[in-house]
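Each chain gets a letter, A, B and so on, in the order its sequence line appears, and its residues count up from 1. We use all heavy atoms of the structure for the numbers below, so side chains are in, but hydrogens, waters and symmetry mates are not.
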Protein chains: 2
Amino acid sequence: MDDISNQDQAIELLQQLGLKEYEAKSFVALARRQHGTAKDISETSEVPRTRVYDAVRVLEWKGLVETQHSNPQVFRAVSIDEAINTLQSEYIDRTESLRGALSGLEPTDDEQTTEATHEVWSLSGDQGITSRAQQLIEGATNEVMLVVGHRSIFTAQLAEQLHAAQERGVDVIVGTVDKELRAEIQDVLPDIEVFVSGLNWLDQSPLPGDDTQISRLLLTDREAILVSSFTETTGDGREHEQGVFGRGFHNGLVAITRRLMATGLLFQDDPGEEDTAVS
Amino acid sequence: MDDISNQDQAIELLQQLGLKEYEAKSFVALARRQHGTAKDISETSEVPRTRVYDAVRVLEWKGLVETQHSNPQVFRAVSIDEAINTLQSEYIDRTESLRGALSGLEPTDDEQTTEATHEVWSLSGDQGITSRAQQLIEGATNEVMLVVGHRSIFTAQLAEQLHAAQERGVDVIVGTVDKELRAEIQDVLPDIEVFVSGLNWLDQSPLPGDDTQISRLLLTDREAILVSSFTETTGDGREHEQGVFGRGFHNGLVAITRRLMATGLLFQDDPGEEDTAVS
DNA sequence: ACTATTGTGATTAAGTGAGTGAACGGCTTT
DNA sequence: AAAGCCGTTCACTCACTTAATCACAATAGT
C-alpha cells in the first residue's frame, strides 16, 4: 500500500531531479527488482518496451544503472546509497561551479540608484527569510522585538543570535503565541524577557477560510520589520514560507508594526483570553 | 572577457539546476546589478521585458530574489552564498526524500533468475566505477592486480583499500604508466609492489584519432576485472569515465586480461622503451 | 527454415517553453 | 482634467522536446 505511494513519490522526485518520466519509471522498476531485461522493466513500469532501451542508456550514462550486453540485455540498478551519492555529488558539483561563476561576474557599471529611505520587499522561502532575520538581529543596535508564531522557526541558531544580541547590550524581547512555547523559549533563554503575546489573532485568523499561519514577526531598532507566514498555496502538501521585509522609521508598515508590537507585547505579559491588542 | 564566459556558464548551470532560460538569465542579470527594475533586467539579460515578471516571480518563489512592490517594481537578488545554500538544500532535501522512498519499495516477487557464471556489465560515471572497484578490492581473497592509468584515480581511499587488502594477506600488485606515477604511488604504499607497465599503448593509443585515456585496469583473484577509460564524447568539455566490469574465470574478457596483465606487469619491472607486451 | 522475441529506428501526437503583441491601468505632464 | 507614456498582465503563436506507437531488422531457439 505504502509502497505504491513510495513508488510514485520516487518517480516524482527523480523527475524533479532532472530525469525524464521514462527514465524515472525505469529506474524505480529496476530498483525494485535488482536486475531485469527490457521486457521485465516494461512490465513493472508502464514504460513501452521499445523505449526502455533509450531510458536505460541515459541512466547508465548518469551512473545509475549497469548494463550486461548479452542477449537479451540485462540491466541492473546500482545500490540506493550509490544512486543517492551519485545524484548528490552531481548537484553539489554544479552548485559549486555556479558559486564560482557567479562570484566572477563583473558588476554592471550602471548607476546604482541609491536606496529609498523606506523600502518594502517581499521574499519567499525558509532559507532566505531565516537569513534575513539573522541579518536584522545581528545588525540591531538598540532593540530586538520578536514574536515567534510557530515553534518550528525557533531554532538553536536563532536562540544563539538573540543571546548574542542581548550580550552586546541590545534589548531583546520575545513574544510567543501560547504559554507552552513561552515556557520552552524562556527555558533556553533565561536572561531574556519572554512574553505571551496578547494578539490572539496571530495564532488563529478571525477570518474564516484563512489558513495562513503567522510564523514570525520581527522588529529591530523600531525601524526594520520582517513578517512571515506559512501558506499552502500549491496542493503539493508542503508548506511554503513567505514574508515581507520593511525598513525605514517612517515606513508605514514599520510604523504600524511598531505600535502593534508595543501594544501586544509590552502591556500583555500576563496572557488574558480577551483580545486587547488593537486600539 | 572571462566574465562573459562566467555569465554564460552561470546561466547554463542554473538551467541544469532546473531553472528555465528566462529565469536563469534574469537571475544572472540581477546578480550582477544587485537590484533593478524589469526594464533594467531586460536590457542586461536579453530577456523580453514582458517576460521578466514571470521569471522573477518564480525566482522569488524559490527564494532567490526579493521583490519591492513599488512602481516600478524593483527586484533584488539574494547574496551568492544564500542562493547556493538555497539551491543545495533544495536538492539535498529531494535526494534524502528519494532515499526514503526507494528504501520503502517492495521488491517484486518475480523469480530472481540466478546470475550467469560469467557476466559482463558496462557502467558509467566516476562514482559507480570507483565504488565497484572498491567492492572488488575489498572482496578479493588472493590477488589484486591494478594498473593505474591516470593519476586522478589514485586517491587516498584507494591507497587505503589496497593497503587493507595487503594487510589481510592478499597479494597486491600495482602498475603504472610512467615512472613518475610509479614513484609517487610507491611512496604512499611502501610495502606494495609497484611496477611500470610495459604496455605502452595503455597510456597512448597507437591508433590515430583515438583520444581515449585508459584510467584503470583492475583484476582481482584472476576472476573479476574492471576496465575504465575517460572519453570526451559530448563536447561539453567535461570528461566522462566509462567502464566494463566482468566476472567469472572462464569469461573471455577476464581470461584475456589475465594474460595481458601477467605479461605487462610481472615481466616488466624495469621500464623498457620498446613494446614487449603482447605476444 | 520458421517463429517468437529482442533491439533499433522512424514517425506522429502532445505538451512545454520561448518569443511577440495587444490591452489594461496607473502615473506624469502639460 | 485630458492626453499620453510607462509598467504590468494576459493571450496567443511558433518551435522544440518528450511521450507514445509502429514498422522493421536481427537474433535465438525450436
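What separates CG of A/Asp54 from C1' of C/dT8 is a distance of 9 Å, to the nearest Å. The interatomic distance linking B/Leu19 (CG) with C/dG17 (P) rounds to 12 Å, in whole Å. A straight line from NZ of A/Lys39 to P of C/dT5 spans 6 Å, rounded to a whole angstrom. When the P atom of C/dT5 is taken as reference, atom CD of A/Glu43 falls 11 Å away, rounded to whole Å. Nucleotide C/dG17 holds its P atom 12 Å from the CD atom of B/Gln15, rounded to whole Å. As rounded to whole Å, 13 Å separates atom P of C/dT5 from atom CG of A/Asp40. Taking atom CD of B/Glu21 as the reference point, atom P of C/dT16 lies 18 Å away to the nearest angstrom. Rounded to an integer number of Å, the gap from CG of B/Asn71 to C1' of C/dT28 is 11 Å.
Put simply, the side chain of B/Arg94 gets close to the backbone of A/Gln16: a donor and an acceptor are under 3.5 Å apart.
Between B/Tyr22 and C/dG19 there is a side-chain N or O to OP1 or OP2 distance below 4.0 Å. Checking the phosphate oxygens (OP1, OP2) of C/dG7, a side-chain nitrogen or oxygen of A/Gln73 falls inside 4.0 Å. Proximity of A/Tyr53 to the phosphate of C/dG7: a side-chain N or O atom is located under 4.0 Å from OP1 or OP2. A sub-4.0 Å separation between OP1 or OP2 of C/dT8 and a side-chain N or O of A/Arg57 is present.
Counting atom types as modelled, B/Arg51 pairs no side-chain N or O with a base atom of C/dG21 as donor and acceptor under 3.5 Å.
With respect to the salt-bridge test (charged N to carboxylate O, under 4.0 angstrom), the residues B/Glu241 and B/Arg216 qualify. A salt bridge does not link B/Glu23 with B/Lys20: every distance from a Lys NZ or Arg NE/NH1/NH2 to an Asp or Glu carboxylate oxygen is 4.0 Å or more.
The residue A/Pro48 sits close to a base: some heavy atom pair falls under 4.0 Å. If you check every strand for non-hydrogen atoms under 4.0 Å, B/Thr37 touches nothing.
B/Phe75 and B/His35 have their aromatic ring centers separated by at least 6.0 angstrom. In this structure, B/Trp121 has its ring center no closer than 6.0 Å to that of A/His69.
Residue B/Leu13 forms a side-chain contact (heavy atoms from CB on, under 4.5 Å) with just one option from A/Asp93, A/Thr95, A/Leu98, and that option is A/Leu98.
Comparing A/Arg49 and A/Glu46 along DNA chain D, the residue whose closest nucleotide (by nearest heavy atom) sits nearer the 5' end is A/Glu46.
If you walk DNA chain D from 5' to 3' and mark each nucleotide with an atom closer than 4.0 Å to a heavy atom of chain B, the marks span D/dG7 to D/dA11.
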Acceptor/donor pairs from residues 46-60 of chain B side chains to any protein atom, 3.5 angstrom cut, sequence neighbours excluded:
from    : atom 1 : to       : atom 2 : distance (Å)
B/Glu60 : OE1    : A/Ser122 : OG     : 3.4
B/Glu60 : OE1    : B/Thr67  : OG1    : 2.7
B/Glu60 : OE2    : A/Ser122 : OG     : 2.9

